Number of protein chains: 2
Amino acid sequence: MSRRHTNVSEQVINEACPVTEVLDHVAGKWSIGILVAAALGPVRFTELERSIEGISRRMLTLNLRKLERDGLLVRTVHPTVPPKVEYSLTPMAQELHTYLTGLVDWAQRHRTAIADARASYDTAAAAKSADCQNQQPGR
Amino acid sequence: MSRRHTNVSEQVINEACPVTEVLDHVAGKWSIGILVAAALGPVRFTELERSIEGISRRMLTLNLRKLERDGLLVRTVHPTVPPKVEYSLTPMAQELHTYLTGLVDWAQRHRTAIADARASYDTAAAAKSADCQNQQPGR
DNA sequence: CTGAATCCTTCAGGATACTG
DNA sequence: CAGTATCCTGAAGGATTCAG
């Protein structure tokens, strides 16, 4: 984020920047899914891989590393054979998780409203497009 | 999102999917910035363009359209010359905004902790890497 | 079982120029 | 002022394979 000296009148930007930081940890297509899945307790690698359904092994690993790096996940290796690795949320991440559920809650409550809005927006756009066709008779 | 019949034991996935939907509206690099900026009241196009600082005209337009389509923003065109267009949050989006601020708050509180975690993670990785070098003497 | 490495495709997003 | 159109690049992410 560009930082600079923020001489723009609105300090809105000051609030927006940390937001961008949040997203860096959370916005990944899978990050939230992982956090939610790991919130219930220690989870193994393959458990995650199956419960998220659609994630590739690569992406799971990448996101796991990222979240671990940010101090949101704890990775516990049991030096057994076969290997066993468990992931769990740090306190910090558990707190984040509560905020996340608020967001999820919001999404669920307004899901249909959003779908409606999209539908009407799209039909309106389609109608307008048809209009244009009328105004442009075959060359 | 794949939907299917969710025969996996964890229903975690059921909670995770709407989350993914939230992100689709919010996760864009700029979406949240726009929502925060527009939360204060009706904002004009160029105001947004300047207050966000770093966004391209194209991305601003794209995100604006997306948010409008999802019923989060209202676009009001004043048929004057020069043109004047104002954007404001819908009630639904205002509610979302409150949740967002919770997230922002979290980010601010833990920003340093996250930075620390990253630093130690990275140094640890570096140390380990050096270790490997020792174990692999020149061919 | 838990990854790391590699290759390849897609697309979000930036720069720029044009229009009503 | 408020966009739209076009071109282009980097990075995200999927598939597959190798390894401890």
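A, B, ... follow the sequence lines: proteins, then strands. Residue 1 opens every chain. Note that the structure is a prediction, hence the values are computed from the model and not measured.
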Between [atom2] of [N] and [atom1] of [X], the distance in whole Å:
X: B:Ile55; N: C:dG13; atom1: CD1; atom2: P; result: 9 Å
X: A:Glu49; N: D:dG14; atom1: CD; atom2: P; result: 12 Å
X: A:Arg65; N: D:dA12; atom1: CZ; atom2: P; result: 17 Å
X: B:Glu47; N: D:dG3; atom1: CD; atom2: C1'; result: 16 Å
X: B:Lys66; N: C:dG13; atom1: NZ; atom2: C1'; result: 12 Å
X: A:His78; N: C:dC1; atom1: NE2; atom2: C1'; result: 13 Å
X: A:Asn63; N: D:dG14; atom1: CG; atom2: P; result: 9 Å
X: B:Leu60; N: C:dG14; atom1: CG; atom2: C1'; result: 14 Å

Query raised in the report: Of A:Met59 and A:Pro83, whose nearest nucleotide on DNA chain D comes first from the 5' end?
Result: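 Here A:Met59 is the residue nearer the 5' end.
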Can you tell me how far [atom2] of [Y] sits from [atom1] of [X], rounded to the nearest 0.5 angstrom?
X: B:His97; Y: B:Thr90; atom1: NE2; atom2: OG1; result: 12.5 Å
X: B:Leu72; Y: A:His110; atom1: CG; atom2: NE2; result: 9.5 Å
X: A:Leu60; Y: A:Arg58; atom1: CG; atom2: CZ; result: 12.0 Å

Requested in this report: Tell me, with the steps shown, if B:Ile34 and B:Leu73 meet side-chain contact (heavy atoms from CB on, under 4.5 Å).
Outcome: CA-CA 10 Å; B:Ile34 294 176; B:Leu73 280 185; 4.2 Å; yes
Report task. Using a strict cut-off of less than 4.0 Å between a Lys/Arg side-chain nitrogen and an Asp/Glu carboxylate oxygen, indicate whether B:Lys66 and B:Asp70 qualify as a salt bridge. Result ->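 Judged by the 4.0 Å cut-off on N to carboxylate O distance, B:Lys66 and B:Asp70 do not form a salt bridge.
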Query raised in the report: What's the closest nucleotide to the A:Trp30 side chain, out of C:dG3, D:dG14, D:dC1?
Result: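 For A:Trp30, the side-chain atoms sit closest to D:dG14.
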**Report entry** Closest listed nucleotide, where the reference is the side chain of A:Arg58 and the choices are D:dA2, C:dT6, C:dG3
**Finding:**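 Per side-chain heavy atoms of A:Arg58, the pick is C:dT6.
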Query raised in the report: Does some side-chain heavy atom of A:Leu103 sit less than 4.5 Å from a side-chain heavy atom of A:Ile32?
Result: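 A:Ile32 does not reach A:Leu103 side chain to side chain.
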Report task. For residues A:Ser51 and A:Ala37, report the shortest heavy-atom separation together with the two atoms involved. Result ->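 Minimum heavy-atom contact is OG-CB, 4.3 Å.
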Query raised in the report: With sugar-phosphate meaning primed atoms plus P, OP1 and OP2, does B:Arg57 contact a base, only sugar-phosphate, or nothing at under 4.0 Å between heavy atoms?
Result: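 Touches a base.
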Query - Phosphate OP1/OP2 of D:dA2: any B:Thr61 side-chain N/O under 4.0 Å - result: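 Answer is no, no contact under 4.0 Å.
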Requested in this report: Check whether any side-chain nitrogen or oxygen of B:Arg75 sits under 4.0 Å from OP1 or OP2 of D:dG3, and answer yes or no.
Outcome: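 So the side-chain polar atoms of B:Arg75 do come within 4.0 Å of the phosphate oxygens OP1 or OP2 of D:dG3, strictly under.
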Report task. State, to the nearest 10°, the angle formed by the axis through the first five base pairs of the helix from C:dC1-D:dG20 to C:dG20-D:dC1 and the axis through its last five. Result ->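 Taking five pairs per end, the axes differ by 40°.
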